[in-house]
Amino acid sequence: MNSSVITFPGSNCDRDMDVALKKFGFKNKMVWHNDVELPKSELVVLPGGFSYGDYLRCGSMASKSRIMKSVINFAKSGGKIMGICNGFQILVETGLLPGVLLRNKYLEFICKNVFVKVNNKNNPYFKDIKKDTLELHIAHNEGNYFCSKEQIKEINNNNQIALYYSDKDGKINENTNPNGSIKNIAGVFNKEKNVLGMMPHPERMIDPDLSGEDGSIFFKNLINNLK
Amino acid sequence: MKIKIIVTLKKSVLDPQGTVIQQALNGMGFNDVNEVRQGKFFEINIDEKDQSKAEEKADEMCKKLLANLVIEDYKIIGSQ
């Protein structure tokens with residue numbers, strides 16, 4: 001199973017993602033933002049970080065970089081693309097995913113473990129995950145998901161909401177919303193469900209000694225579903 | 001030609017930075033300030049002598065990069 005992780009100037013979770021993908025059996029290649037063509041891949045990952053120093057808007061400059069033309073074509077041909085944190089911000093700036101990520105409601109950088117409730121398991125990313133909630137790590141300043149009223153209706157109707165911030169038992173309310181996201185949204189799909197963007201970092205939860213193992217569950221499941 | 005553009009958050013979008021600035025101004029004694037909205041300002045030099053063509057290009061730049069139309073409005077406030 002081949003994967004590619006794109007490194008932009010300012011990406012800083014690219015290596016962690018490389019380690020995680022390889023740990024669970026992917027043959028991963030690192031791809032530089034200025035490259036033109038993607039290597040043959042079944043999965044492309046846009047990693048977390050601060051691409052282009054978050055200039056203009058988070059993810060906006062990266063969304064126009066050279067490699068993104070190939071990434072967008074890959075998405076349009078049904079290729080699986082996953083954007084984590086800054087990668088999520090890049091995907092909304094390309095228009096592949098709906099909405100936008102605003103500054104956190106209380107203007108704080110948030111760095112902590114949270115629980116997320118899986119809303120849609122009818123896709124290769126979450127199919128066969130037995131747990132309803134996962135404990136994952138978030139670290140962001142702009143994770144406050146926002147979209148227009150019409151868009152929220154549309155993504156609801158198309159079952160595009162992937163993850164909600166919740167408590168351990170899957171309860172979704174204001175107390176479990178870390179950043180002000182509309183409806184506690186932590187991750188969304190495109191209409192076709194081949195593109196996923198999420199703020200939490202599964203690659204930070206793959207070591208039983210350092211963190212939890214819910215990231216391991218995610219990656220093991222993902223590679224099985226892509227086979 | 002030099003083109004000036006401002007980009008602001010749409011009225012329907014919460015602007016927490018603007019709110020904090022307003023509170024700071026109130027705290028400094030500017031008690032009559034009841035709202036602050038923060039935005040961005042761009043000054044773009046373009047090799048185009050025709051004003052309407054230059055503004056047309058600036059409009060395209062706003063739509064494609066300078067503003068995110070999900071949350072922001074833009075206005076070309078001058079060209080000379």
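Chain letters run A, B, ... following the sequence lines, proteins first and then strands; every chain starts at 1.
Crowding of A:R66 atom CZ: a count of heavy atoms from other residues, nucleotides or ligands under 6.0 Å exceeding 12. Residue-environment remark: NZ (A:K76) stays at or below the threshold of 12 foreign heavy atoms within 6.0 Å. Residue-environment remark: CG (A:N122) stays at or below the threshold of 12 foreign heavy atoms within 6.0 Å. Open room surrounds NZ on A:K183; 12 or fewer heavy atoms of other groups in view lie less than 6.0 Å from it. The number of heavy atoms from other shown groups lying within 6.0 Å of CD (A:E174) does not exceed 12.
Among B:T19, B:L66, B:L9, B:V20, the residue with the largest count of heavy-atom pairs under 4.5 Å with chain A is B:L66.
B:I71 CD1 to A:C147 SG: the interatomic distance, rounded to the nearest 0.5 Å, is 11.5 Å. Separation of atoms CG (B:N68) and OG (A:S63) is listed at 9.5 Å; rounding is to 0.5 Å. Summarising the geometry, atom NZ belonging to B:K40 is positioned 5.5 Å from atom CZ belonging to A:R57; distances are rounded to the nearest 0.5 Å. One distance of note links CD1 of A:I182 with CG of B:L14; it measures 11.5 Å at 0.5 Å rounding.
Heavy atoms closer than 4.5 Å to chain B are found in the side chain of A:L107, but not in its backbone. With a 4.5 angstrom heavy-atom cutoff, B:K64 touches chain A only via backbone atoms. For B:E72, the part lying under 4.5 angstrom from a heavy atom of chain A is the side chain only.
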(request) With side-chain contact (heavy atoms from CB on, under 4.5 Å) as the test, would you mind laying out the steps for A:Q151 and B:V70 before giving the verdict? (result) CA-CA 10 Å; A:Q151 269 180 320; B:V70 179; 3.9 Å; yes

